[in-house]
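Structure first, then comments.
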Amino acid sequence: MANDNTHTGASLLFEVLKQHSVQHVFGYPGGAIMPIYDALYDSDVQHFLCRHEQGAAFSAVGYARASNKVGVCFATSGPGATNLITGLADAMADSVPVVAITGQVSTKAMGSDAFQEVDIVGLSLACTKHCFQVRDVNELAATLHKAFEIALSGRQGPVLVDIPKDIQLAPVTQTLEVVDSREVETQQAPANMGTALALLSQAKKPILYVGGGVGMAGAVKELRDFLAVTNMPSVSTLKGLGSVPANHESYLGMLGMHGTKAANLAVQECDLLVAVGARFDDRVTGKLAEFAPNAKVIHFDIDQAEISKRRVADAAVLGELKTNLPALAMPLSIDDWRSHCQHMKDSFAWDYNHPGEGIYAPKVLREIADKMPRDAVVTTDVGQHQMWAAQHMHFSRPENFLSSGGLGTMGFGLPAAIGAQVSRPTDTIIAVSGDGSFMMNVQELSTIKRFQLPVKIVLVDNSKLGMVRQWQDLFFDGRLSETDLSDNPEFTLLAQAFDIKAKQITRKDEVSAAIDEMLAHNGPYLLQVKIDAEENVWPLVPPETANDQMIETHKPS
């Protein structure tokens with residue numbers, strides 16, 4: 001096929017990708033997608049061979065979240081396609097624009113239980129915005145354009161396009177329509193702001209509740225302008241971190257299960273909650289019936305389905321934040337409330353003093369944040385290290401903190417860092433992982449090696465599934481079941497096997513120099529940070545408990 005210059009479905013795919021300014025894709029070849037990989041050979045698109053299709057999907061997610069572009073991944077049929085499912089579900093939960101291209105067995109073989117045949121469209125319906133299966137090569141271009149439009153429009157999310165092998169090989173008989181790469185415009189009816197303005201003008205104790213939708217809407221400037229006018233105390237979700245500057249005088253930190261004490265108490269006391277691009281997730285609200293019990297709610301969102309889904313909105317403002325948020329900005333006479341929130345913020349500030357010679361993970365992560373470049377990107381996996389990073393690191397904008405929020409996916413951090421590094425090659429990318437999560441997609445060290453990606457890996461190692469162990473201690477009578485990881489490999493040797501420089505530290509007096517060495521190193525680096533296996537994340541709001549009932553330092557009796 002290498003000498004066949006026929007214009008086929010496979011070559012058409014790359015022309016469409018070019019029209020959408022796609023320069024990088026992540027994937028893994030196989031039988032049913034071979035024609036696309038053959039066309040890739042002659043294309044200008046740079047392909048990053050990940051070592052597992054899940055790694056390719058998470059790399060596409062990281063790419064999209066760090067760059068505010070569409071992430072693209074490829075996989076073959078059957079197991080290749082099913083391996084994308086977790087990444088697509090993650091993108092769906094966190095509203096990330098991804099286009100997944102899968103190969104499929106030929107149309108004549110479909111339905112016959114052919115080799116590596118799976119109904120990937122059926123499997124993906126629950127975890128994508130839309131799925132397509134192309135049955136006519138002359139519909140391929142229009143389908144691909146539609147996939148990008150859907151991924152980017154409204155509440156963003158993943159789209160899958162399944163292309164049978166014979167469609168990839170079929171000659172194209174129609175001329176490709178010229179479509180300029182463009183941003184998708186969202187049609188928006190004028191928002192009814194009257195009720196919202198009245199509620200805000202009457203509020204004595206308002207709180208701004210900032211979610212991940214702010215960054216996805218490109219409305220960080222509008223949010224910060226809104227705060228400059230109102231100077232309203234603000235809190236953030238996990239995905240909203242970076243939208244409000246961490247050093248902003250009114251910012252109280254993250255709220256929810258592992259939120260700051262000041263943030264949680266302020267929300268419980270407030271009389272108005274202005275929710276901006278947030279969805280009242282259960283990890284934020286705690287016991288929903290007792291969440292912000294005295295507050296009216298103004299809810300800004302792009303997705304009608306989120307309005308009053310979990311908490312009834314007294315005023316719903318549907319549509320684009322960039323347009324609607326400035327319309328609500330007004331000076332507020334709330335000096336007493338601001339002073340009260342500032343007092344709580346000062347009174348409950350983090351204490352980084354820690355006894356003994358062992359390493360205290362929150363202090364390590366805070367020092368990394370203080371030393372890393374201002375526009376560095378931090379990715380995390382899921383567990384204790386994730387919550388410590390959210391609590392103790394600081395970020396200049398939301399696309400600089402990439403963590404699996406809605407799905408909570410272990411194995412996310414390393415491939416997401418790869419995608420972030422590809423999308424922002426001159427920025428420092430730091431993957432903060434735990435020893436449990438790291439092993440989930442450890443094979444992607446090969447991707448880092450092959451492409452010499454200078455990703456920095458901070459491995460917080462307690463030889464446990466730390467968060468599960470913490471919950472077993474607190475809520476399952478200390479019955480530790482299958483959380484021991486003391487037979488982990490020697491992670492520094494493992495990294496070195498992939499030509500990645502590595503260092504292990506075990507004492508607090510080693511921390512500062514090790515961080516400096518890692519950040520100064522011109523290439524990939526793994527810093528293994530050994531911590532106490534019994535260290536817990538505090539505060540913690542127990543399940544089905546109001547957010548002001550936090551456990552702070554001890555096991556409940």
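In this text, all values refer to a predicted model and were calculated from it rather than measured experimentally. For the numbers below, each heavy atom of this structure counts, side chains included, while hydrogens, waters and symmetry mates do not.
- With hydrogens and angles disregarded, a donor-acceptor distance shorter than 3.5 Å links the side chain of Arg424 to the backbone of Asp375.
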Exercise. Going through the distances and angles, do Met387 and Leu540 end up as a side chain to side chain contact (heavy atoms under 4.5 Å, CB included)?
Worked result: CA-CA 10 Å; Met387 292 298 102; Leu540 181 151; over 6 Å; no
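- Of the possible polar contacts, none joining the Asp38 side chain to the Met34 backbone as a donor-acceptor pair under 3.5 Å is found.
- Side chain of Asp94 to backbone of Val96: no donor-acceptor contact under 3.5 angstrom is found.
- Atom CG of Asp370 has more than 12 neighbouring heavy atoms from other residues, nucleotides or ligands inside a 6.0 Å radius.
- The ring pair (Phe, Tyr, Trp, His ring centres under 6.0 Å) test applied to His521 returns Tyr525, not counting sequence neighbours.
- Thr447 and Cys50 get closest at one heavy-atom pair: OG1-CA, 3.4 Å.
- Rounding to the nearest 0.5 angstrom, the gap separating the OG1 atom in Thr128 from the CG atom in Leu160 is 6.5 Å.
- If you run ring pair (Phe, Tyr, Trp, His ring centres under 6.0 Å) between His392 and each of Trp538, Tyr360, Trp350, only Trp350 comes through.
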Scan the side chains in residues 56-64 for donor-acceptor partners under 3.5 Å anywhere in the protein, sequence neighbours excluded, and list what turns up.
residue: Ser59; atom: OG; partner: Gly55; partner atom: O; Å: 2.8
residue: Ser59; atom: OG; partner: Pro415; partner atom: O; Å: 3.0
residue: Tyr63; atom: OH; partner: His24; partner atom: ND1; Å: 3.0

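- Rounding to the nearest 0.5 Å places CD1 of Ile163 at 12.5 Å from OG of Ser77.
- Checking Asn462 against Gln384 by side-chain atom types alone, a donor-acceptor pair falls below 3.5 Å.
- Considering Val159, Val22, Val161 as possible partners of Phe148, the one that fulfils the side chain to side chain contact (heavy atoms under 4.5 Å, CB included) test is Val22.
- Across Ala431 and Val455, no two heavy atoms sit closer than the pair CB-CG1, 4.3 Å.
- The closest side-chain donor-acceptor pair between Asn441 and Gln443 falls under 3.5 angstrom.
- The aromatic rings of Phe132 and His130 lie tilted to each other, with the angle between the two planes from 30° to 60°.
- Side-chain atoms of Thr260 come within 3.5 Å of backbone atoms of Leu252 as a donor-acceptor pair (strictly under, hydrogens ignored).
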Problem set entry | From CA spacing to verdict: side chain to side chain contact (heavy atoms under 4.5 Å, CB included), Trp388, Ile531 | CA-CA 13 Å; Trp388 283 323; Ile531 67 167; 3.7 Å; yes
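- A distance-only check finds no donor-acceptor pair linking the side chain of Lys503 to the backbone of Lys501 [under 3.5 Å].
- Residues Glu399 and Ser67 are not in side-chain contact: their nearest non-hydrogen atoms beyond the backbone lie 4.5 Å or more apart.
- Going from atom CD of Gln23 over to atom OG of Ser423 covers 11.0 Å, rounded to the nearest 0.5 Å.
- Here ring-ring contact (aromatic ring centres under 6.0 Å, His included) pairs that include residues 83-103, with residues two or more places apart or in two chains, number zero.
- Phe74 has its side chain within reach of Ile36: a pair of non-hydrogen atoms, C-beta onward, lies under 4.5 Å apart.
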Exercise. Stepwise, does the side chain to side chain contact (heavy atoms under 4.5 Å, CB included) test hold for Tyr352 with Glu367?
Worked result: CA-CA 10 Å; Tyr352 291 105; Glu367 186 169 347; over 6 Å; no
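- A side-chain donor-acceptor contact under 3.5 Å links Asp381 to the backbone of Phe412.
- Of the listed residues (Asp484, Asp532, Asp487, Asp473), just one forms a salt bridge (Lys or Arg N to Asp or Glu O under 4.0 Å) with Lys464, and that residue is Asp484.
- Checking side-chain atoms of Lys129 against main-chain N and O of Arg155 turns up a donor-acceptor pair under 3.5 Å.
- In this structure, the side chains of Ile359 and Lys530 stay at 4.5 Å or more apart for every pair of heavy atoms.
- Ser124 is listed as a side-chain neighbour of Ile85, based on a closest heavy-atom distance under 4.5 Å.
- Between Gly215 and Asn68, the shortest heavy-atom contact is O-OD1, 4.2 Å.
- For NZ of Lys508, the number of neighbouring non-hydrogen atoms (other residues, nucleotides, ligands) closer than 6.0 Å is greater than 12.
- None of Asn83, Thr102, Thr82 except one satisfies the side chain to side chain donor-acceptor pair (under 3.5 Å) rule with Glu53; the exception is Asn83.
- More than 12 heavy atoms of other residues, nucleotides or ligands sit less than 6.0 Å from atom CG of Asp509.
- For the pairing with Gln421, the side chain to side chain contact (heavy atoms under 4.5 Å, CB included) check across Thr426, Ile448, Leu453 returns one residue only, Leu453.
- Within the 4.5 Å cutoff, no side-chain heavy atoms of Phe491 are placed close to those of Val442.
- When all heavy atoms of Val98 and Cys73 are compared, the closest pair comes out as CG1-SG, 4.3 Å.
- With rounding to the nearest 0.5 angstrom, the CG atom of Asp516 is 10.5 Å from the CD1 atom of Ile368.
- In this model, a donor atom of one side chain and an acceptor atom of the other lie less than 3.5 Å apart for Lys371 and Ser512.
- Contact detail for Tyr28 and Leu49: the closest heavy-atom pair is CD1-CD1, 3.9 Å.
- Between Leu526 and Phe498, every side-chain heavy-atom pair lies at or beyond the 4.5 Å cut-off.
- When all heavy atoms of Pro35 and Ala10 are compared, the pair lying nearest together is O-CB, 3.4 Å.
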Exercise. Should Arg283 and Asp281 be marked as a salt bridge (charged side-chain N to carboxylate O under 4.0 Å, His left out) after you check the CA-CA gap, both sets of side-chain angles, and the distance that decides it?
Worked result: CA-CA 5 Å; Arg283 291 297 171 107; Asp281 178 74; 5.9 Å; no
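- Residues Val378 and Met393 have side chains in contact (heavy-atom distance under 4.5 Å, counting atoms from C-beta outward).
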For this session: Give the C-alpha distance, both sets of side-chain angles, the deciding distance and a yes or no for side chain to side chain contact (heavy atoms under 4.5 Å, CB included) between Ile120 and Leu84.
Result: CA-CA 10 Å; Ile120 191 61; Leu84 294 179; over 6 Å; no
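- In this structure, the side chain of Asp435 engages the main chain of Ser463 through a donor-acceptor pair within 3.5 Å.
- Lys165 places a side-chain N or O within 3.5 Å of a backbone atom of Gly31 that can act as its donor or acceptor partner.
- Annotation: side chain of Pro398 is not in contact with side chain of Val214 (no heavy-atom distance under 4.5 Å).
- Open room surrounds CZ on Phe115; 12 or fewer heavy atoms of other groups in view lie less than 6.0 Å from it.
- In this structure, CD in Gln168 is found 10.0 Å from CD in Gln104, a value given to the nearest 0.5 Å.
- In terms of modelled atom types and a separation under 3.5 Å, the side chain of Ser243 and the main chain of Gly240 share a donor-acceptor contact.
- Here the options are Ile500, Leu493, Leu494, the test is side chain to side chain contact (heavy atoms under 4.5 Å, CB included), and the partner is Gln496; only Leu493 passes.
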